[in-house]
2 protein chains.
Amino acid sequence: MDNNEGFELQDFLPYLLNQAAEESSLAFQKVYKDRYGMLRTEWRVLFHLGIYGRMTAKEIGRRSKMHKTKISRAVARLQDRRFLTRTRDESDRRLEYLDLTNQGEAAYHDLRKVATGYDARLSGDFSDEELYILRNALRKLARM
Amino acid sequence: MDNNEGFELQDFLPYLLNQAAEESSLAFQKVYKDRYGMLRTEWRVLFHLGIYGRMTAKEIGRRSKMHKTKISRAVARLQDRRFLTRTRDESDRRLEYLDLTNQGEAAYHDLRKVATGYDARLSGDFSDEELYILRNALRKLARM
DNA sequence: TGTTAATGGTTGATTTTGTAACTAACAAGA
DNA sequence: TCTTGTTAGTTACAAAATCAACCATTAACA
């Protein structure tokens, strides 16, 4: 006779989501870390620029919900390693536009290929209907 | 004409899962943090002991996949704050058994109630079928 | 035994994150 | 023009996570 009124930790959505997120990030993390020495914040910034093209740190923050200090540091590191460049907006000198360098583009293409393959592998465990419901539910939970 | 071969960041499962996990953890985090000054690692340890009863740090690690240093530090903090006690196994003095104190039990019951309510709220956005598929998919992704 | 390996757990150094306070630039209204 | 407020982005310091090295104890076995 337990004391837990049927509470199951592994059904609790915040916990379950965290476990799934962590486990499913591992293999991809290994690639961007080993291959390019990147952190999670860094591949995210890289992908934002790779996918959407030139944008400001602010805009990356709006889309990714990452905090601006994380982005600021990720941008600084990516710049140090010559993955991106910054350009001041001369008409509003608070802004700076970020662009991938050729090297950044190359890393993005490489990692995007890995991500695509990895996503396909993960998706392979589910039917189309399951995937549809899963992604929809996750988007709703993530409010995006 | 883009360059991204249809890659969508917000469909990439590791990214999407992380966003959903983070967003869905926020409100619960606020409670265990504000009410008990706990960290994520600490409520997890607390819940393991609350749900499964006396166990060792090792066993918590096996179930939660948290790294042993995280657990070691969480246990130390929970002990400092009188949420649990440690007892050496005299027949194998490497092991120590962890038990919640009354105060630990009380915090667990309180937080479990919050968690249950919060989970119900999150679940409220989905049909039974969607929830079934979602939890199942997450368990598979989390390999648990 | 005695030696070596494995196990449970802790510690210290380093890295990363979070929070707040801070520039610098622009905007709005008196 | 002179506040006062807002915005984009950085920095300093504290909190937390990571990683490797470390004890103490037990196991394996020559």
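Residue numbering restarts at 1 for every chain, and letters A, B, ... go by the order of the sequence lines.
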Nucleic acid footprint by protein, nucleotides 4-9 of chain C - heavy-atom cut-off 4.0 Å, B for base, S for sugar-phosphate alone: ---BSB
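- Taken residue by residue, residues 12-50 of chain A places heavy atoms nearer than 4.0 Å to DNA chain C at A/Leu39.
- By the side chain to side chain contact (heavy atoms under 4.5 Å, CB included) test, B/Arg62 is found to be paired with B/Glu59, residues two or more places apart in sequence or in another chain being considered.
- Evaluation of the salt bridge (charged side-chain N to carboxylate O under 4.0 Å, His left out) rule for B/Asp89 yields no partner, not counting sequence neighbours.
- At least one side-chain nitrogen or oxygen of B/Lys70 sits closer than 4.0 Å to the OP1 or OP2 atom of D/dT18.
- Applying the ring-ring contact (aromatic ring centres under 6.0 Å, His included) criterion to B/Phe126, with sequence neighbours excluded, gives no partner residue.
- Within residues 73-84 of chain A, the residues that have a heavy atom under 4.0 Å from DNA chain C are, in order of number, A/Arg73, A/Arg77.
- Computed from coordinates, the A/Asp89 CG to D/dT7 C1' distance equals 13 Å when rounded to whole Å.
- Under the 4.5 Å side-chain heavy-atom criterion for Ile, Leu, Val, Met, Phe, Trp and Tyr, A/Tyr132 and B/Leu131 are members of distinct hydrophobic clusters.
- Residue pairs meeting the salt bridge (charged side-chain N to carboxylate O under 4.0 Å, His left out) criterion with at least one member in residues 70-84 of chain B, sequence neighbours excluded, are B/Glu42-B/Arg77.
- Here B/His67 lies out of heavy-atom contact (under 4.0 Å) with every strand.
- Scored by the side chain to side chain contact (heavy atoms under 4.5 Å, CB included) test, A/Glu96 finds A/Arg86, A/Arg88 as partners (sequence neighbours excluded).
- Remark: B/Arg44 engages no residue in a salt bridge (charged side-chain N to carboxylate O under 4.0 Å, His left out) (not counting sequence neighbours).
- With sequence neighbours left out, A/Lys140 forms a salt bridge (charged side-chain N to carboxylate O under 4.0 Å, His left out) with no residue at all.
- Straight-line distance from the CD1 atom of A/Ile60 to the P atom of D/dA8: 13 Å, rounded to whole Å.
- The ring-ring contact (aromatic ring centres under 6.0 Å, His included) test applied to A/Phe47 returns A/Trp43, A/Tyr108, B/Phe7, not counting sequence neighbours.
- Here B/Arg35 pairs with B/Asp110 under the salt bridge (charged side-chain N to carboxylate O under 4.0 Å, His left out) rule; sequence neighbours left out.
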